[in-house]
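Here the structure is laid out as structure tokens; the discussion comes afterwards.
Here the structure is a predicted model, which means the values were calculated and not measured.
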Amino acid sequence: MIQCKRAYDDPSPDDGTRVLVDRLWPRGVRKDEAQLDDWAKEVAPSDELRTWFDHDPEKWDEFRRRYHAELHEKEDTLAPLHKAAEAGTLTLVYAAKDRAHNNAVALKQYVDSSSD
């Protein structure tokens with residue numbers, strides 16, 4: 001099972017494996033407080049795509065399309081996420097304020113669809 005959670009939310013035992021999926025470290029979050037198992041910068045959107053999207057919900061569908069295309073080009077970097085999800089709960093940790101329109105949600109959709 002894969003779930004998404006903000007880096008600013010308290011970690012929980014129910015989170016399972018916690019992986020930060022942002023290219024940048026979340027502001028104001030100490031590494032010991034984050035309780036992360038991994039930081040998968042390589043699966044984050046490119047700087048160009050992240051800057052273009054700018055967390056604009058109007059660009060969400062196009063962001064997902066472009067991000068999924070980027071992920072398709074680096075499938076090998078997703079293997080640890082697939083493995084963690086198969087072993088139990090995987091929590092994709094992100095910093096964005098918008099809980100519905102962020103790279104972790106788009107990444108979850110991609111990993112879920114590629115697991116089918």
Is there a path of hydrophobic side-chain contacts, each under 4.5 Å between heavy atoms of I/L/V/M/F/W/Y residues, joining [Y] to [X]?
X: Val43; Y: Trp52; value: yes
X: Leu90; Y: Val21; value: yes
X: Leu107; Y: Leu20; value: no
X: Val105; Y: Leu78; value: yes

Give the minimum heavy-atom separation between [X] and [Y], together with the two atoms involved.
X: Ala44; Y: Arg23; answer: O-NH2, 3.0 Å
X: Asn103; Y: Tyr67; answer: O-CE2, 3.4 Å
X: Ala40; Y: Val19; answer: CB-CG1, 3.7 Å
X: Val29; Y: Ala34; answer: CG1-CB, 3.9 Å
X: Ala96; Y: His55; answer: CB-CE1, 3.5 Å

*Fit a plane to each ring of His101 and Trp60, take the angle between them on a 0 to 90° scale, and name the class: parallel (under 30°), tilted (30 to 60°) or perpendicular (over 60°).*
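Geometry flag for Trp60 against His101: perpendicular rings.
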Spell out, as yes or no, whether a donor-acceptor pair under 3.5 Å connects the side chain of [X] to the backbone of [Y].
X: Trp39; Y: Asp22; answer: yes
X: Arg6; Y: Tyr94; answer: no
X: Thr51; Y: Glu48; answer: no
X: Asn102; Y: Ala104; answer: yes

*asked:* Just so I know, are the side chains of Glu62 and Leu49 near enough to count as touching, which here means a heavy-atom distance under 4.5 Å?
replied: no
*Any side-chain heavy atom of Lys74 within less than 4.5 Å of one from Thr77?*
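Yes, side chains in contact.
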_Separation of Glu86 CD from Ile2 CD1 (nearest 0.5 Å)_ = 9.5 Å
*How many angstroms lie between atom CG of Leu36 and atom CD of Glu33, to the nearest 0.5 angstrom?*
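So the gap between those two atoms works out to 11.5 Å.
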_Salt bridge Arg66-Glu70, side-chain N to carboxylate O under 4.0 Å_ =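 So Arg66 does not pair with Glu70 through a salt bridge.
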*Would you call Asp47 and Arg50 a salt bridge, taking side-chain N to carboxylate O under 4.0 Å as the test?*
yes
*Option among Asp14, Asp10, Asp15 that satisfies the side-chain hydrogen bond (donor to acceptor under 3.5 Å, both in side chains) test with Lys5*: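 Exactly one pass, corresponding to Asp15.
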*asked:* If the test is side-chain contact (heavy atoms from CB on, under 4.5 Å), which one of Asp38, Thr89, Thr91, Asp37 qualifies with Thr17?
replied: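 When Asp38, Thr89, Thr91, Asp37 are each tested with Thr17, the side-chain contact (heavy atoms from CB on, under 4.5 Å) holds only for Asp37.
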_Modelled atom types, side-chain donor and acceptor of Arg18 and Gln35, under 3.5 Å_ = no
*Do the side-chain N and O atoms of Tyr110 and Glu75 include a donor-acceptor pair separated by under 3.5 angstrom?*
yes
*Please determine if Lys31 forms a cation-pi arrangement with Trp25, meaning its NZ or CZ atom is less than 6.0 Å from the six-membered ring centre and no more than 45° off the ring axis.*
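Output yes; distance and angle both within limits.
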_Atom NZ of residue position Lys97 - does it have more than 12 heavy atoms of other residues, nucleotides or ligands inside 6.0 Å?_
no
*Are there more than 12 heavy atoms of other residues, nucleotides or ligands under 6.0 Å from atom NZ of Lys83?*
no
*Does the pair His82 and Ser114 meet the rule for a side chain to side chain contact (heavy atoms under 4.5 Å, CB included), with working shown?*
CA-CA 9 Å; His82 284 287; Ser114 64; 3.1 Å; yes
